[in-house]
Amino acid sequence: LFAAVVLLPLALLGYLSLALATDALRTEVEARIKGSAEAAREYVEHELTGAASLVDSYADRPVVLDALRRWGTQEAKVLIHESLEELRNRPGIAQAFIVDPRGRLLAAEPRGSLSDGEDLSAAPWFRPASSSPRPFVSEAYGQDGPPQRVVAIAAPVSPGGSGRPR
């Protein structure tokens, strides 16, 4: 009887202590996970905003605009490829390309990653990007080959100098 009177409260105290500690630890872990997720979201948002500004700045470069005005010439194609290669060499950018208003590929870097004239109008980024006068950042979407998930950033280009197309 004495053992039951002493051990029962001790066992109950141990169980309650363990339950309270487990709840406290769970609450702490959840708070840290939420904090880490929020920090990661802010970091990704900051990086994507910076990348969109970078893509937009390339779309406004006089050399790009002039080369697109003279697109049929070899010199223009070389200038476009040089600009795309420079953009693609930035950290985090796997591919850079220019499409016409119908979604047909004009040029891509790395070369050979896409075929000139390829129709990209069915790509998930094309329709919203082509209807916006500002840079467009897509949601992450799947693709064949590495990387499996990508984010597309597109900026309208207006080589005619009459402002951004709609």
Side-chain angles (χ1 to χ4, degrees), residues 14-65 67-68 77 79-159 163-166:
Y15 172 77
L16 289 175
S17 295
L18 185 59
L20 289 173
T22 300
D23 286 345
L25 183 59
R26 181 177 293 118
T27 301
E28 177 68 21
V29 168
E30 288 173 355
R32 287 185 183 197
I33 288 173
K34 285 180 184 176
S36 294
E38 179 63 21
R41 184 197 64 75
E42 288 176 3
Y43 174 77
V44 169
E45 185 176 302
H46 174 75
E47 289 295 309
L48 289 176
T49 299
S53 293
L54 178 66
V55 169
D56 194 39
S57 74
Y58 271 79
D60 278 339
R61 285 186 168 189
V63 67
V64 170
L65 299 174
L68 288 173
K77 290 180 180 184
L79 290 171
I80 289 294
H81 277 285
E82 287 174 352
S83 293
L84 290 175
E85 184 176 22
E86 183 181 333
L87 177 60
R88 190 188 64 81
N89 286 331
R90 300 291 184 124
I93 297 180
Q95 190 175 47
F97 51 86
I98 292 181
V99 298
D100 70 13
R102 296 171 300 144
R104 302 275 180 211
L105 181 72
L106 297 178
E109 286 294 335
R111 291 179 192 219
S113 60
L114 295 168
S115 301
D116 287 352
E118 187 172 337
D119 184 2
L120 299 177
S121 64
W125 51 265
F126 180 76
R127 183 165 287 154
S130 63
S131 65
S132 175
R134 294 183 307 279
F136 170 78
V137 179
S138 76
E139 297 290 324
Y141 64 94
Q143 70 169 14
D144 296 334
Q148 296 294 320
R149 307 276 299 161
V150 297
V151 173
I153 301 173
V157 178
S158 180
R164 293 293 174 97
R166 289 218 38 100

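Owing to the predicted nature of the structure, the values given are computational and were not obtained by experimental measurement. Residues: numbered from 1 along the sequence shown.
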Exercise for review: Assess whether side-chain contact (heavy atoms from CB on, under 4.5 Å) is satisfied between Val151 and Leu48, documenting all intermediate values.
Suggested key: CA-CA 9 Å; Val151 173; Leu48 289 176; 4.0 Å; yes
**Study point:** Working for side-chain contact (heavy atoms from CB on, under 4.5 Å), residues Phe136 and Ile153
**Key:** CA-CA 6 Å; Phe136 170 78; Ile153 301 173; over 6 Å; no
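Every residue two or more places apart in sequence or in another chain that forms a side chain to side chain contact (heavy atoms under 4.5 Å, CB included) with Glu45 is listed here: Arg41, Thr49. Checked against salt bridge (charged side-chain N to carboxylate O under 4.0 Å, His left out), Arg90 has no partners two or more places apart in sequence or in another chain. Partners of Asp119 under the salt bridge (charged side-chain N to carboxylate O under 4.0 Å, His left out) rule, at least two apart in sequence or in another chain, are Arg104. With sequence neighbours left out, Thr22 forms a side chain to side chain contact (heavy atoms under 4.5 Å, CB included) with Leu18, Arg26. Shown here are the salt bridge (charged side-chain N to carboxylate O under 4.0 Å, His left out) partners of Glu139, two or more places apart in sequence or in another chain: there are none. Evaluation of the ring-ring contact (aromatic ring centres under 6.0 Å, His included) rule for Phe97 yields Trp125 as partners, not counting sequence neighbours. Listed by chain and number, the residues in a side chain to side chain contact (heavy atoms under 4.5 Å, CB included) with Val63 are Arg61, Leu79, Ser83 (sequence neighbours excluded). Looking at residues two or more places apart in sequence or on another chain, you find a side chain to side chain contact (heavy atoms under 4.5 Å, CB included) between Ala107 and Trp71, Ile80, His81, Leu84. A search for side-chain hydrogen bond (donor to acceptor under 3.5 Å, both in side chains) contacts involving Asp100 returns Arg102, not counting sequence neighbours. Shown here are the salt bridge (charged side-chain N to carboxylate O under 4.0 Å, His left out) partners of Arg88, two or more places apart in sequence or in another chain: there are none.
A distance of 10.0 Å separates OH in Tyr15 from CG in Leu20, rounded to the nearest 0.5 Å. Note that CD of Glu109 and CG of Leu114 are 11.0 Å apart. Values are rounded to the nearest 0.5 Å. Atom CD of Glu47 and atom CG of Leu54 lie 11.0 Å apart (nearest 0.5 Å).
The backbone N or O of Phe126 lies less than 3.5 Å from a partner atom in the side chain of Ser130, making a donor-acceptor pair. In this structure, Ser121 contributes its side chain and Gly103 its backbone to no donor-acceptor pair below 3.5 Å.
Of the options Asp60, Leu68, Val99, Asp56, a side chain to side chain contact (heavy atoms under 4.5 Å, CB included) to Val157 is made by Leu68 and by none of the others.
For Pro156 against Ala59, the heavy-atom pair with the smallest separation is O-CB, 3.6 Å. Closest heavy-atom contact between Val55 and Ala154: CG1-C, 4.4 Å.
Judged as a ring-ring contact (aromatic ring centres under 6.0 Å, His included), not a single pair has a partner in residues 29-54 (not counting sequence neighbours).
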Using atom types as modelled, flag every donor-acceptor pair under 3.5 Å from a side chain in residues 28-37 to any protein atom, sequence neighbours excluded.
unit_1	atom_1	unit_2	atom_2	d
Glu28	OE2	Arg32	NE	2.7
Glu28	OE2	Arg32	NH2	3.3
Ser36	OG	Arg32	O	3.1

